[in-house]
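Inspection log for the structure reproduced underneath, given as structure tokens.
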Amino acid sequence: MQTACRNCGSRKERAEFCNLGYQPLANSYLSRDQLEEPEAFYPLVPTICPDCALIQLPNLAAREDIFEDYAYFSSQSDGWVKHVHDYANKMVGRLGLNENSRILEVASNDGAMLREFRALGVPAVGIEPAKNIARIAQLDGLATIDSFMGVDFAQELLSSGYQGAHLIAANNVMAHVPDLDDFLTGIRMLLAPSGVFTVEFPDAENLVRDNQFDTIYHEHFSYFTKHSAFDALARRGLGVVDSEDIDIHGGSIRLYARPDVRLDLPGEHVQGPAFGQPTAEQRAFYDKPAEYRRELWDKLNRWKREGKKIVGYGAPAKGNTMLNYCGIDAGILDYVVDSTPEKIGKFLPGSRIPIVNPAALALDPDPPDVIVILAWNWQSEISKKLKSHKDRGAIILSRLEEL
Ligand code: TYD
């Protein structure tokens with residue numbers, strides 16, 4: 001039996017949005033010793049709610065298992081650092097923030113955004129449950145509380161005398177939250193009456209339109225569109241007052257919401273005939289991943305038959321969904337490169353392809369004929385790094401496109 005919808009609580013049966021088979025947890029990179037051991041595979045079958053159109057996966061793993069020791073570091077991405085730099089500057093101007101303002105960032109990671117606010121003379125406090133990552137920010141003198149966001153946390157902070165935030169930012173975290181109600185209620189409790197909550201998430205409309213099925217993995221419990229996010233916020237007393245399309249992670253949305261603006265229905269910024277119900281495109285998504293798999297296999301097999309050497313660029317979680325769904329292993333990709341120190345020397349879950357330092361690609365005595373960009377959300381940043389390979393005639397593939 002299916003669980004209740006994570007957003008609206010509906011118990012109506014949810015149709016399968018797509019079926020990506022059985023997959024390991026996408027961020028469970030394997031050490032060499034673990035190669036000897038069996039790996040756990042779980043069904044990767046998101047569903048869509050007929051009542052609020054939230055695309056979702058069940059709460060498979062405990063949040064503590066996934067997020068207390070995490071291998072993602074915001075500050076290691078130049079693109080992300082620029083994004084939070086622009087965000088902090090924009091918020092200071094738009095909301096008139098100053099040294100007396102109270103700002104919280106949920107899932108502050110290693111402090112990339114906190115650092116930008118500090119540079120502007122505005123104090124910001126991070127909340128980050130992954131202890132290994134929170135520590136990096138703390139060592140840099142960036143105030144970071146190591147906790148999950150939720151009602152318990154909000155109560156604790158308020159009872160210690162906290163006075164309500166003028167701004168709470170939550171970027172790319174809502175998808176990871178198993179208990180949406182607890183998370184958003186905690187945020188509403190911590191906002192000052194006229195405070196602003198900004199939330200950013202990859203737009204699931206792009207997932208559907210561009211067949212970004214690889215952004216689906218077990219650590220992402222929910223896939224929001226503007227409509228379903230609006231719905232989720234409105235149900236918890238956060239009225240959306242503005243929205244922006246932002247060009248990051250394959251197309252994202254930023255919503256601005258306030259606790260003193262109650263909107264139970266779509267407002268000026270979020271309209272559409274299909275509000276609250278799955279669209280025809282969402283219902284037709286089911287066959288899309290298999291179409292992608294066929295096309296990718298055609299290309300890779302042809303190159304393999306021609307004797308070409310193929311490697312991957314980036315070891316993102318989404319690469320694991322793609323490789324495992326498409327059945328691509330170390331027999332096809334010799335290795336993938338990734339600059340994250342915690343990933344180098346490990347192996348991709350499922351496909352067990354080795355992860356090496358980007359320098360190994362530069363120094364490879366037998367350089368690859370084809371480089372597949374697995375971290376396609378950083379395509380422009382990565383393709384600049386691959387210029388010399390392109391100049392010597394290597395094929396650079398990003399999703400199904402030869403660049
Ligand atoms: P990320 O954007 O976090 O995607 P996901 O959410 O699917 O995991 O991952 C990007 C990965 O790509 C990360 O492991 C770092 C790596 N990367 C490089 O190795 N070099 C680069 O130049 C860039 C931009 C990313």
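For the single chain, residues carry numbers from 1 onward in sequence order. Note that the structure is a prediction, hence the values are computed from the model and not measured. We count ligands from 1, going down the list as the structure has it; atoms in each ligand are counted the same way.
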Have a look at ligand 1 and work out which part of Ser339, if any, has a heavy atom under 4.0 Å from it: side chain, backbone, both or neither. both
Under 3.5 Å, is there a donor-acceptor pair between the side chain of Gln282 and the main chain of Ala53? no
Between the side chain of Asp369 and the main-chain N/O of Ile395, is any donor-acceptor distance below 3.5 Å? no
Quick check: Asn27 and ligand 1, any N/O pair under 3.5 Å apart? no
Under a 3.5 Å distance rule, please check whether Thr321 uses its side chain to pair with a backbone N or O of Ile216 as donor and acceptor. yes
Please list all pairs meeting ring pair (Phe, Tyr, Trp, His ring centres under 6.0 Å) that have one or both residues in residues 322-355, counting only residues at least two apart or in different chains. Phe213-Tyr325
Of the choices Trp378, Trp376, Tyr29, which has the non-hydrogen atom that lies closest to atom 10 (C) of ligand 1? Trp378
Would you say Asp210's side chain and Gln212's backbone share a donor-acceptor pair under 3.5 angstrom? no
Are any of the N or O atoms of Pro358 closer than 3.5 Å to those of ligand 1? no
Contact partition for Glu381 relative to ligand 1, non-hydrogen atoms under 4.0 Å: side chain
By number and element, which atoms of ligand 1 are closer than 4.0 Å to a non-hydrogen atom of Lys385? 21 (C), 22 (O)
Ignoring hydrogens and angles, state whether a donor on the side chain of Asn109 or Trp80 is under 3.5 Å from an acceptor on the partner side chain. no
At less than 4.0 angstrom from any non-hydrogen atom of Lys343, what atoms of ligand 1 do you find? 13 (C), 14 (O)
Ligand 1 versus Tyr217: contacting region, heavy-atom distance under 4.0 Å: side chain
So, using ring pair (Phe, Tyr, Trp, His ring centres under 6.0 Å) as the criterion, who are the partners of Phe285 when residues are at least two apart? Phe17
Between the side chains of Ser31 and Asp33, does any donor sit under 3.5 Å from an acceptor? no
What part of Asp338, side chain from CB on, backbone N/CA/C/O, both or neither, has a heavy atom under 4.0 Å from ligand 1? both
Are any of the N or O atoms of Tyr313 closer than 3.5 Å to those of ligand 1? no
Using the ring centroid of each side chain, check whether His220 and Tyr217 are separated by less than 6.0 Å. yes
Heavy-atom pairs closer than 4.0 Å: do any link ligand 1 to the side chain of Thr215, the backbone, both, or neither? neither
Mark up the atoms of ligand 1 that fall under 4.0 Å of a heavy atom belonging to Ala375, in ascending order. 10 (C), 12 (O)
For ligand 1, which atoms, with element, lie under 4.0 Å from some heavy atom of Ala317? 5 (P), 7 (O), 8 (O)
